[in-house]
Q: 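Questions regarding the structure given below will be posed in turn.
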Amino acid sequence: MPQHQVLIIGGGLAGMRAAQKAQELGMDVAMVSKIFPTRSHSAAAQGGVQAAVSDDDSWEAHAYDTIKGSDYLGDQDAIEILCSEAPGDIYSLERMGVVFNRTPEGKIDARAFGGTSVKRTCYVADQTGQVLLHVMWEQLMKSQLKVYSEWFVTELIIEDNKVAGCVAIEIPTGKIEVFRAKAVILATGGIGQVYSPTTNGLVVTADGQALAYKAGATLMDMEMVQHHPTTMKANGVLLTEGARGEGAYLLNSKGERFMEKYAPNMKELASRDVVSRAETMEIREGRGVDGCVFLDLRHLGRDLIMTKLSQIYELARDYANTNILEAPVPIQPGHHYIMGGIKTDVDGRTWDQTGSNRWAGVEGLFAAGECANVSVHGGNRLGGNSLLDTIVFGRRAGEGSVGYAQSNEYIQFNEEQAKKRTEDRIKELFSRPAGGLRSANLRNEMGTAMNEGIAVFRNQDGMQKALDTVRVVREKYPNISLDNKGKIFNTDLLAALELEYMLDVAEVIGVGAVERKESRGAHAREDYPERNDAEYLKHTMVHKSDDGSPILGYMPVTMTKWEPQVRTY
Amino acid sequence: MDATFKIRRFDPEDKQDPHYEDFNVELPEYGSVLEGLLDIREQQDGTLSLRCSCKSAICGSCSMKINGESRLACKAMVSEIKELEGDLITIEPMGNMPVIKDLVVDMDSFWHKVESVEPYLQPKGPEPEKEYLVSNDQMMTLAVAMNCIMCGACVSDCTVLEVDSNFLGPAALAKAFRFAADPRDGAQEKRLEMYDQPDGVWDCTRCFMCVQACPKDVAPMERIMDIRSMAVEKGISKGRGMKHIQGFINGVKHSGRLDEFGLARKTYGFPLWPFMLAPMGIRRLLRKRLPPIFHKSIAGAKNVKKIFENLGV
């Protein structure tokens, strides 16, 4: 049985950063990832990473913008950490080799982004996430980190509410292995495929959230799901906010810059929830074309586009058949990110280490990145803050896991039983008669319902309908059957296991959404259009009961020095 | 829009030899090959295995041979392929790597080669407190090489790897360039010596296949040539590849045309050249294709020399 002091599940930016830190502090660390680390969806982040590195900026200003962006649902102690530690982390990434764009003085340059008061987004053209991800991977090669690449985790092993290890399948061989660890860090990313369409990759299937939820941890503010304002209709692929940061316009079918109406000061650079709502209003009121409005970059000129936005030039050419030098590209809001996630403290712990049990957690289990919720994004994340979240809180979770692993022993458990649970589950899936339902169709049914009911604008009936559909799909789940019953690279099997994860998480999103009877951040309700601080300035907390049903609770938001204000851009 | 995919199937658990199967797919107007493959996997045959994730040419998972050329399936638009290459689209796993199943290949050797070029910054002296002060141009030159998403298309189509699996290959060497050219790196000399070794930059035959295959315009071959230039300029490169180039230049500079015989002598040096070249010399003599032993200049060779001098070569 492979054994490591710290085991990291997920090979994206947060996982690699956590691994790097834990290893640097002397731990025996390994990473388990269902894909080769550079395939992680962190690579798709285009526009940049926020940090107050300019002389005319301060971390306090960054914190204020983030808190305002979160619609005051973010925990301010966590946001202070995120923003005050950001410059140090960005500098250390630069020294590792990130080729940030530079100012004429040779310093790290920053561009404008949505919801920020100054230019604060450090960037590498429009490939920032990819470069960050590859540089972190370089660091792991340098330190010879043990990576279990293409291993899919089927369960966390929990003994007396403490994490003891996990079970995983080696995808290329079908081998099932039990891993023992003192501390486990989940860094599996978002929930993208719960929605259809989504900007997220096909591998983004809520694995970590579902594993943690099943193990007894709390999922917090899961109703806070972000739709990005500029995605392409054909396949949901993202066009960076950096385009608007560099000065691109949003136009309706009449050629009007409609954001002037909705956000007179910030216009196109209002925060994402605001822009997505404005676009939806324009489309609903008949000023769209085929469900889209337009992103116009023509006035930026060829030089700027080809040097700073070359990737989106290619994406628009390939997937929207549009030359952005010559024509506006049709775009629409599309599912992009989840602010909610596994509840953690500022060191990545999923349990309440003060001992006062303010929320349900699992000792020794940590989480970081999109699968976690610290919470720094609250009701709406600012562009450029997710890469930062992975870097800062990935590092802190790595540090936190070391402290825990040093003061705790390996926990004994029945290895054979753990292995058999996964074997039996696969055997059961394989034994189903042919000709049953196809898991992809169930996934689409769930995804479409979620995108109709719990998206840019929401109301009671729509959300309830989405939640009901998710539950109906779950009832149908036992009727799916697989074509592929082989051991080697069986993606048919993975799709079925992933769907089970996503259904759990979709239900939690729905349960929280229906019960938040106000409008805050991405949760914009037509039936409750106002923010209601008196009743809902609090986190939605959901954990699993013994019978498998979700238990809903709430927890106060941590405030330090920023009082809630009316939010305008 | 409909299309027919002819897919190479292989399952090591199955007794069948590798074979081809045809599938018909129905796609939206701007559908990609990947969308077609996903439709097959999800609706027709769940036993089909492939790697894929981002659908937007950034994760590097879905590289495969499409009509014989290595491309990203998510970036290969079916309508374009049908128009330019015909209705039947043949899809096979990447080359120069063993097949695991269907369109999935074993990339272990690919990753090991990347790792062998020491692909991480090795700074010189104490690190700055904040960031290194470097120019935007210097960083953007490196960003071109950092565009590489490690998809493997260049390695799949590399003609040298086809005959010599020890060659480091275009992806690893493009990554190597990214560090050799980084002003923040302190190990340039060591790196150039390392990449100058056998199986390194001089094994490239400049066939351009990697440039054509690369979906991210990294142009790996150009990066290999960049490393060669750096190694020559630093006086690190003393091998045959370098001598071959110098022989080429000298010959044309002084006589206006290629001096094949002199080039061979220069490349291999005395006393090795007669032994190295005798077998080929005899074969060429028998076919009456032996280059002239006494090389003659072209008319106006002096003007050619002036061109070289004006270029500072």
Side-chain angles (χ1 to χ4, degrees), chain A residues 35-36 38-41 43-44 53 87 90-91 94-97 99-109 124-125 127 129-131 134 138-139 141-142 172 201-204 234-238 307 311 314-315 318-321 438 440-441 482-484 486-492 495, chain B residues 11-14 28-32 35 38 41-43 45-61 75 77 100-102 104 106-107 111 114-115 118-121 123 127-136 138-140 142-143 146-150 179 182 184:
Chain A
I35 44 175
F36 188 85
T38 61
R39 310 302 183 213
S40 303
H41 206 67
V53 293
I90 293 305
Y91 290 134
E94 193 280 335
R95 293 191 300 264
M96 286 175 209
V99 292
F100 284 113
N101 279 65
R102 303 290 162 146
T103 64
E105 298 81 47
K107 295 180 177 175
I108 295 174
D109 194 16
V124 184
Q127 58 186 86
Q130 187 229 332
V131 172
H134 283 238
E138 291 160 8
Q139 295 301 305
M141 285 191 276
K142 185 178 176 184
L202 297 158
V203 298
V204 185
N235 58 358
V237 168
L238 173 75
T307 53
Q311 189 184 165
E314 287 185 24
L315 292 172
D318 292 343
Y319 303 119
N321 199 29
R438 302 193 78 88
N441 293 350
L482 306 183
D483 293 345
N484 192 346
K487 281 184 180 306
I488 295 175
F489 227 95
N490 187 342
T491 45
D492 206 19
Chain B
D11 180 359
E13 289 179 274
D14 190 0
E29 197 185 347
Y30 297 112
S32 63
E35 283 170 84
L38 290 175
R41 185 170 83 177
E42 293 180 350
Q43 302 302 337
D45 184 355
T47 68
L48 178 68
S49 294
L50 65 143
R51 290 191 180 104
C52 53
S53 178
C54 75
K55 305 169 291 174
S56 53
I58 196 72
C59 77
S61 304
K75 211 183 174 198
M77 307 319 273
I100 293 176
K101 180 174 183 293
D102 295 335
V104 178
D106 180 351
M107 292 186 74
W111 300 120
V114 172
E115 218 171 324
E118 300 189 7
Y120 35 81
L121 208 63
E127 293 191 335
E129 195 189 327
K130 292 182 171 178
E131 75 269 60
Y132 286 96
L133 298 179
V134 288
S135 77
N136 196 54
Q138 283 174 311
M139 290 297 99
M140 291 306 103
L142 302 180
M146 284 224 74
N147 259 330
C148 172
I149 55 175
M150 300 285 154
F179 293 98
D182 194 321
R184 301 168 296 180

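So you know, we letter chains A, B, ... as the sequences are listed, proteins then strands, and number each from 1.
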Q: Could you measure the distance from the CG atom of A:Leu202 to the CG atom of B:Leu38? Nearest 0.5 Å is fine.
A: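 Rounded to the nearest 0.5 Å, the CG-CG separation comes to 5.5 Å.
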
Q: In terms of heavy-atom proximity below 4.5 Å to chain A, should B:Ser49 be classed as side chain, backbone, both, or neither?
A: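 Both backbone and side chain.
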
Q: What part of A:Gln311 is in contact with chain B, defined as an atom under 4.5 angstrom from a non-hydrogen atom: side chain, backbone, both or neither?
A: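 Contact with chain B is through the side chain of A:Gln311 alone.
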
Q: Is A:Phe36 in contact with chain B via its backbone, its side chain, both, or neither, using a 4.5 Å heavy-atom distance?
A: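 Just the side chain, heavy atoms under 4.5 Å.
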
Q: Could you tell me if the side chain of A:Asp483 sits less than 4.5 Å from the side chain of B:Glu42, heavy atoms only?
A: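 A side-chain contact is absent here, since even the closest heavy-atom pair is not under 4.5 Å.
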
Q: Given the options B:Lys75, B:Glu129, B:Met77, which has more heavy-atom pairs under 4.5 Å with chain A than any of the others?
A: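 Counting heavy-atom pairs under 4.5 Å, the top option is B:Lys75.
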
Q: Cut-off 3.5 Å, side chains only: do B:Gln43 and A:Asn441 have a donor facing an acceptor?
A: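 Yes, a side-chain donor-acceptor pair sits under 3.5 Å.
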
Q: Determine the option with the most heavy-atom pairs under 4.5 angstrom with chain B, choosing from A:Met141, A:Lys107, A:Glu138.
A: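 Sorted descending by pairs with chain B, the first entry is A:Glu138.
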
Q: Using a cut-off of under 4.5 Å on heavy-atom pairs, state which of B:Val104, B:Asp106, B:Asp182 scores highest against chain A.
A: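 It is B:Val104.
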
Q: Nearest 0.5 Å, please: how far is CG in B:Leu50 from OG1 in A:Thr491?
A: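 Going from OG1 on A:Thr491 over to CG on B:Leu50, the span is 6.5 Å.
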
Q: Heavy-atom cut-off 4.5 Å, strictly under: side chain, backbone, both or neither for A:Arg438 against chain B?
A: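 Just its side chain gets close to chain B.
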
Q: Using a cut-off of under 4.5 Å for heavy-atom pairs, which of B:Pro128, B:Pro28, B:Pro123, B:Ala57 has the most such pairs with chain A?
A: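 Looking at each option in turn, the highest pair count goes to B:Pro128.
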
Q: Side chains of A:Val124 and B:Met146: closer than 4.5 Å at any heavy-atom pair?
A: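 Of all side-chain heavy-atom pairs linking B:Met146 with A:Val124, none is under 4.5 Å.
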
Q: Using non-hydrogen atoms only, which part of A:Met96 is less than 4.5 Å away from chain B: side chain, backbone, both, or neither?
A: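 Answer is backbone: N, CA, C or O of A:Met96 sit under 4.5 Å from chain B.
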
Q: Heavy atoms only, distances under 4.5 angstrom: which of A:Arg95, A:Gln127, A:Lys487 has the most pairs with chain B? Name it, please.
A: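 Heavy-atom pair counts peak at A:Arg95.
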
Q: CG of A:Asn484 to CG of B:Asp11: how many Å apart, nearest 0.5 Å?
A: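 That separation rounds to 7.5 Å.
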
Q: Test your reading of the model: is there a side-chain donor-acceptor pair from A:Tyr91 to the backbone of B:Tyr132, 3.5 Å cut-off?
A: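 No, A:Tyr91 side chain to B:Tyr132 backbone: no donor-acceptor pair under 3.5 Å.
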
Q: Show the numbers, then the answer: is there a side-chain contact (heavy atoms from CB on, under 4.5 Å) between B:Ile149 and A:Gln130?
A: CA-CA 8 Å; B:Ile149 55 175; A:Gln130 187 229 332; 3.8 Å; yes

Q: Heavy-atom pairs under 4.5 Å with chain B - which of A:Ile108, A:Thr38, A:Ile90 has more of them than the others?
A: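 Max contact count across the listed options: A:Ile108.
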
Q: Roughly how far, to the nearest 0.5 Å, is CG of A:Asp109 from CG of B:Asn136?
A: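 If we round to the nearest 0.5 Å, B:Asn136:CG and A:Asp109:CG are 7.0 Å apart.
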
Q: Give, as side chain, backbone, both or neither, the part of A:Val237 having an atom under 4.5 angstrom from any heavy atom of chain B.
A: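 For A:Val237, side-chain heavy atoms alone lie under 4.5 Å from chain B.
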
Q: Under a 4.5 Å heavy-atom cut-off, does chain B meet the side chain of A:Leu315, its backbone, both or neither?
A: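 For A:Leu315, the side chain is the part near chain B, not the backbone.
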
Q: Write down the atom of A:Arg39, the atom of B:Ser61, and the distance for their closest heavy-atom approach.
A: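 Shortest heavy-atom separation between A:Arg39 and B:Ser61 comes out as CD-OG, 3.3 Å.
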
Q: When rounded to the nearest 0.5 angstrom, what distance separates CE in B:Met139 from CZ in A:Phe100?
A: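 So the gap between those two atoms works out to 11.0 Å.
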
Q: Quick one: of B:Lys101, B:Arg184, B:Arg41, who has the most non-hydrogen atom pairs under 4.5 Å with chain A?
A: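 Option with the top pair count is B:Arg184.
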
Q: Within a strict 4.5 Å, meaning less than it, do heavy atoms of the A:Glu105 and B:Leu133 side chains meet?
A: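 A:Glu105 does not reach B:Leu133 side chain to side chain.
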
Q: In terms of heavy-atom pairs under 4.5 Å with chain B, which of A:His41, A:Glu94, A:Glu314, A:His134 leads?
A: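 When all of A:His41, A:Glu94, A:Glu314, A:His134 are compared, A:Glu94 has the most.
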
Q: For chain A, which of B:Glu29, B:Glu13, B:Glu127 has the most heavy-atom pairs under 4.5 Å?
A: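 Looking at each of B:Glu29, B:Glu13, B:Glu127 in turn, B:Glu13 comes out on top.
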
Q: Please state whether the side chain, the backbone, both or neither of B:Asn147 comes within less than 4.5 Å of a heavy atom of chain A.
A: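 For B:Asn147, heavy atoms of backbone and side chain both lie under 4.5 Å from chain A.
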
Q: Given the options A:Val203, A:Ile488, A:Asp492, which has more heavy-atom pairs under 4.5 Å with chain B than any of the others?
A: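 So the answer, after comparing A:Val203, A:Ile488, A:Asp492, is A:Ile488.
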
